2 protein chains.
Amino acid sequence: MAADDFIPIPKMTVTMDYDPYETLCQDCRLVELCLPYGLPKTELEQFETIVKNKAPLLTDQYLYQQDEKCQSLFVVKTGSFRSFIYSEDGAEQTIGFYLPGELMGFDAFQHGRFTSSSIALETSKVCELPLSQLNKLCRLIPSLQSQMLRVLGKEIESDHNLILLLGHRSAKEKMATFLLRLSHRYNALGFSKTEFNLTMKRQDIANFLGITNETVSRLLAELNHQGIITINRRNVKINNMDSLKVIVE
Amino acid sequence: MAADDFIPIPKMTVTMDYDPYETLCQDCRLVELCLPYGLPKTELEQFETIVKNKAPLLTDQYLYQQDEKCQSLFVVKTGSFRSFIYSEDGAEQTIGFYLPGELMGFDAFQHGRFTSSSIALETSKVCELPLSQLNKLCRLIPSLQSQMLRVLGKEIESDHNLILLLGHRSAKEKMATFLLRLSHRYNALGFSKTEFNLTMKRQDIANFLGITNETVSRLLAELNHQGIITINRRNVKINNMDSLKVIVE
DNA sequence: CGCCCCCTTGAGGGTGGTCAACTTCTGTGG
DNA sequence: CCACAGAAGTTGACCACCCTCAAGGGGGCG
């Protein structure tokens, strides 16, 4: 630790950390989906001062790990992440996939340690929001405070949706729901809602939905065969959105 | 209905709302499990001023309903609640059961409306925390603020546990986990951890665990037959905690 | 080119759902 | 107090869905 004082910080990090462009929320195309959404300009500028940039993460690199102390929240800037928890016996359960504009790390609020791990599915960038500064700012800016609670509420709602999915749906309904929700989220980001690439493995989808990867394969093949989707490795085209919705009911 | 207009409001309700004793958190045996946990005395007194008492709820009475506007959070004082969400097709999914000291209503933070319903499983009392006043107080008392976030984090963690349970466990493992968790929670409340009454129906348990009530019956009968538990209608005795833990692994 | 991982496809079996009948308990009214 | 209806819970028979296990295809990368 003490040695760090004498070693120059790697240049890239310095660039990433202080590049003024990188930290400007005002210019970020995701600002309407992100935490500071709706803040007046002066307060947005305050907010920008606490945002730190991290070096981009490569595929399969951890953003944080379960039980690690939580110092910051993170927002996906580009790329995507998978978050998951280990049960006592070491089995993984994928909790969710995170796309640009989405916040990660809330589950650490209870004890100050992450209760899940988060791993990059592809080369990805995040904005880091140091908790100490974020908390201070929340006290100064009431609307940021309520925005925080709103995003937390969204996290809870998304968990509830997953619970609903896992508890009462057949494998086919789960698969169709998964595709529809991805489509919806990509659409909200300004991408096509009928064609997108899955950034996660079949195994990840299976684990998320509480089924096996063989079942995922079979169901995707079936939907493909019926012409409802066209799937080629990770590339998905939705040909008939309504049919998917019928499956979900 | 119209006749009710001429009947004086039951005295009890009036008493409940203004009884000064009822609102004293300092004297509440649940204070260590509740939102104001850890607040210094002066701030606890501030907190007490915003707590409202509601008339007790009877079995099957709604505390709040999905899509209803959220004005307050609630803490269970006595009794128990079941919270659940409706999916588009009208099917219910039970999200959780709430015991004394536990907070309900967080899921409304996103849009200001409840995304779940909550119903009393038996005659139950709650403390009501009006959101407008709670928010103001959070700004005045930073430790209350962090306590809020901590309880929110707990809610998220509990959702994650349910996701883990629903996604990757056999019916038997689910059942054993359910019993162990109830035992643990009753114990934290100062009750016996080996004997307690289920306040919910078999159907509620089944729905919560994503299985059928027939399966719940069969599994409870099996555990009973093996001597691991003794079950008589809603009364449960855990005879062999370790065996349950082995089932869960 | 060859290895490894990801994905696909097939065959067979078990878990848990569905349907149905029956028992037990609760609440209501005569 | 009993009769009755309806809800809650139990138990059994059957079988479908999805998991397990296994083998084979295909793309990416060194």
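Reminder, nothing fancy here: chain letters follow the sequence lines and each chain counts from 1. Values reported hereafter were calculated over all heavy atoms of this structure, with side chains retained and with hydrogens, waters and symmetry mates removed. It should be emphasised that the depicted structure is a prediction, and the values quoted were computed from it without experimental measurement.
Each of D:dC18, D:dT11, C:dC7 was ranked by its minimum atom distance to the side chain of B:S217; first place goes to D:dT11. Of the candidate nucleotides D:dC19, D:dA8, C:dC7, D:dC19 has the atom nearest to the side chain of A:I211. In this structure, the nucleotide among D:dC18, D:dG12, D:dG9 sitting nearest to the side chain of B:R218 is D:dG12. With D:dG27, C:dT8, C:dG16 as the choices, the nucleotide that has an atom nearest any side-chain atom of A:R233 turns out to be D:dG27.
For B:R169 and C:dT15, the CZ to P distance is 16 Å, given to the nearest whole Å. Here the P atom of nucleotide C:dG17 and the CG atom of B:N207 are 12 Å apart, to the nearest Å. When the C1' atom of D:dA7 is taken as reference, atom CE of B:M200 falls 18 Å away, rounded to whole Å. The CG atom of B:N197 sits 13 Å away from the P atom of D:dG9 (whole-angstrom rounding). Look at CG on B:L198: it is 16 Å from C1' on D:dT10, rounded to the nearest Å. Atom NZ of A:K201 and atom P of C:dT8 are 14 Å apart (whole Å). Atom CG in A:L219 sits roughly 15 Å away from atom P in C:dC7 (whole-Å rounding). Put simply, NE2 on B:H225 is 11 Å from P on D:dG12, counting in whole angstrom units.
Using a 3.5 Å distance cut-off with no hydrogens or angles, the side chains of B:S80 and B:T199 do pair a donor with an acceptor. Counting only N and O atoms by type, the side chains of A:N53 and A:K77 include a donor and acceptor under 3.5 Å apart. There is a side-chain donor-acceptor pair under 3.5 Å between A:T94 and A:N207.
Listed pair A:R234 / C:dC7 meets the phosphate criterion, a side-chain N or O lying under 4.0 Å from OP1 or OP2. Contact annotation: A:T212 side-chain N/O to D:dC19 OP1/OP2 distance is under 4.0 Å.
Residues B:E102 and B:L99 have side chains in contact (heavy-atom distance under 4.5 Å, counting atoms from C-beta outward).
On a pure distance criterion of 3.5 Å, a polar donor-acceptor pair joins the side chain of A:E214 and the base of D:dC21.
Cation-pi geometry between A:R82 and A:F84 is met: the NZ or CZ atom falls under 6.0 Å from the ring centre, inside 45° of the normal.
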